[in-house]
Q: 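The following block contains the structure, expressed as structure tokens.
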Number of protein chains: 2
Amino acid sequence: MSPSKAARPLRKRPGHYHHGDLRRALLQEAVRVIQAQGVETLTLRAVGERLGVSRTALYRHFADKAALLTAVAREGFRVLRLELLAAWGTGGLDQFQAMGAAYVHFAVEHPSHYRVMFGGFVKGEPDPEFAEEASGAFQALVDAIVFLQKAGDMRTDDPMQLAQYIWAVVHGVAMLAIDGQIEHQGATVDELTRFALERLRTGTAPDEVTRPV
Amino acid sequence: MSPSKAARPLRKRPGHYHHGDLRRALLQEAVRVIQAQGVETLTLRAVGERLGVSRTALYRHFADKAALLTAVAREGFRVLRLELLAAWGTGGLDQFQAMGAAYVHFAVEHPSHYRVMFGGFVKGEPDPEFAEEASGAFQALVDAIVFLQKAGDMRTDDPMQLAQYIWAVVHGVAMLAIDGQIEHQGATVDELTRFALERLRTGTAPDEVTRPV
DNA sequence: ACCTGAACACCGTTCAAGT
DNA sequence: ACCTGAACACCGTTCAAGT
């Protein structure tokens, strides 16, 4: 068996002074632990040990534990944005539905990531890069809404307000799904997601009582 | 200045062996700390010290820290249910809107309570009393939906599914509000709540294209 | 029954010192 | 520049002992 040929060394070779790309390895390992066992079990000491590095080495790359979590959240928003954009594609009402489904799907596939992103771990206005990534994902939604409005497929309220509302809906479904509150009641996440997106579409449809022909 | 005449002694009188109602005092103090500084700063040692009690006295009343938090969450669901019922009153479409507003209001007024209730601190199926309280609040919503359906004021989908959807909407708004993501964008929580409830109403209205007279 | 005090096995973080 | 190892000030939890 040859060792895994991962692009980056996960573990420092003993005796070697430098790790190579410790920052990336730290992030990767943090995500792995969070994914596997939850945020609250993440300890910096265990991360260091697993990487074959002293427990204080981390402080060369992150100010503290909160900074590490912020970096994880930032990465989460980046991936989320990409998946939203992929679902949206060239745009349209059906693709908008797909975007909503992709949102919930992301949360369900990366529950711990999602919790770090929205769990209140990122306080105040700490990291500008984080804020940029988060608002980037939000912007993908706003853009889609404006597109639909121009096509006459969505009511023409303030796009920002619509975006916040729609975000709240998928965010709510995602959170309940992660907390297991949906399946606990005999329903499935997919069913609820479909239903929610259908209600959402009805609720945001253009109110053209008399459609101009 | 006479001392506050609170019904229960917050602090044990030194020398006295029993506290009086330590369980209630612990709960009360935990809520105070969480409210003031957030869940993550809550330490059992500080709680004990503030109550003038050893740091292990707590274990006579709660199995561990998680059990204390579960008790806080349970109390939160109880208060939430009461406030939802108060807003609903004798029922009706307007009262249903008031119920939604009351939900968001509760979250905004008790953000740390709310975080404990939904932050994933309560794992698995630990406390039956907690589960009962949580599903009691949910039931208030289901009952209101059935009422509206009978009155012909809401579409007649499965009430459970509708309830989950509506819960997701207000939950989403509440979470975004608590995270400061709404005001961060120049909007107010009240505006978004109003808008969301309006869209919600449109999306769940009975689809009677031809209304029977 | 209820509370105490010492002890255990952990944390995150700091800091002088090494390479 | 980057990493180390000891140390500091914390945690939650246990347990024999007191009343």
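Throughout, protein chains are lettered first and strands after them, A, B, ... in sequence-line order, and every chain is numbered starting at 1. What you see is a predicted model, and the numbers here were worked out from it, not measured in a lab. All values below were derived from every heavy atom in this structure, side-chain atoms included, with hydrogens, water molecules and symmetry-related copies excluded.
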Q: What do you reckon, is NE2 of A/His61 surrounded by more than 12 foreign heavy atoms closer than 6.0 Å?
A: yes

Q: From NZ of A/Lys65 over to C1' of C/dT14, roughly how many Å is that when rounded to an integer?
A: 17 Å

Q: Does the side chain of A/His61 get closer than 4.0 angstrom to OP1 or OP2 of D/dC3 through an N or O atom?
A: yes

Q: Give one of base, sugar-phosphate or nothing for B/Thr56, where a contact means two heavy atoms less than 4.0 Å apart.
A: base

Q: Taking the side chain of B/Leu22 as heavy atoms from C-beta outward, which of C/dG12, C/dC3, D/dG12 is closest to it?
A: C/dC3

Q: With sugar-phosphate meaning primed atoms plus P, OP1 and OP2, does B/Leu68 contact a base, only sugar-phosphate, or nothing at under 4.0 Å between heavy atoms?
A: nothing

Q: Grab the CD-C1' distance between A/Glu40 and D/dC11 for me, whole Å please.
A: 16 Å

Q: How long is the line joining CZ of B/Phe62 and P of D/dT13, in whole Å?
A: 13 Å

Q: Nearest whole Å is fine: how far is C/dA6 P from B/Tyr59 OH?
A: 18 Å

Q: Calculate the interatomic distance between B/Leu42 atom CG and D/dG12 atom C1'; express it in whole Å.
A: 12 Å

Q: Can you tell me how far C1' of C/dA1 sits from CZ of B/Arg23, to the nearest Å?
A: 16 Å

Q: Is C/dT19 paired to anything, Watson-Crick or G-U wobble with both distances less than 3.5 Å, and if yes, which nucleotide?
A: D/dA1

Q: Between A/Leu44 and A/Arg60, which residue's closest nucleotide on DNA chain C lies nearer the 5′ terminus?
A: A/Leu44

Q: Under a 3.5 Å cut-off for both distances, is C/dT14 Watson-Crick or wobble paired, and to whom?
A: D/dA6

Q: Measure the distance from CZ on B/Arg55 to C1' on D/dT14 and round it to the nearest whole Å.
A: 13 Å

Q: Side chain to side chain contact (heavy atoms under 4.5 Å, CB included), that's the test. Do B/Glu75 and B/Val31 meet it? Break it down for me.
A: CA-CA 10 Å; B/Glu75 189 189 40; B/Val31 168; 3.7 Å; yes

Q: Output the rounded distance in Å from CD (A/Glu49) to C1' (D/dG5).
A: 14 Å

Q: On the ring face of B/Phe77, is B/Arg81 found with NZ or CZ under 6.0 Å from the centre and within 45° of the axis?
A: no

Q: Are the charged groups of A/Arg194 and A/Glu191 less than 4.0 angstrom apart, N to O?
A: no

Q: Counting neighbours of CD on A/Glu132 that are heavy atoms of other residues, nucleotides or ligands and sit closer than 6.0 Å, is the number greater than 12?
A: no

Q: Taking N and O atoms by type only, does the side chain of B/Arg45 place a donor or acceptor under 3.5 Å from a partner on the base of D/dG12?
A: yes

Q: Quick one: on DNA chain D, does B/Leu58 or A/Ala57 contact a more 5' nucleotide (nearest heavy atom)?
A: A/Ala57

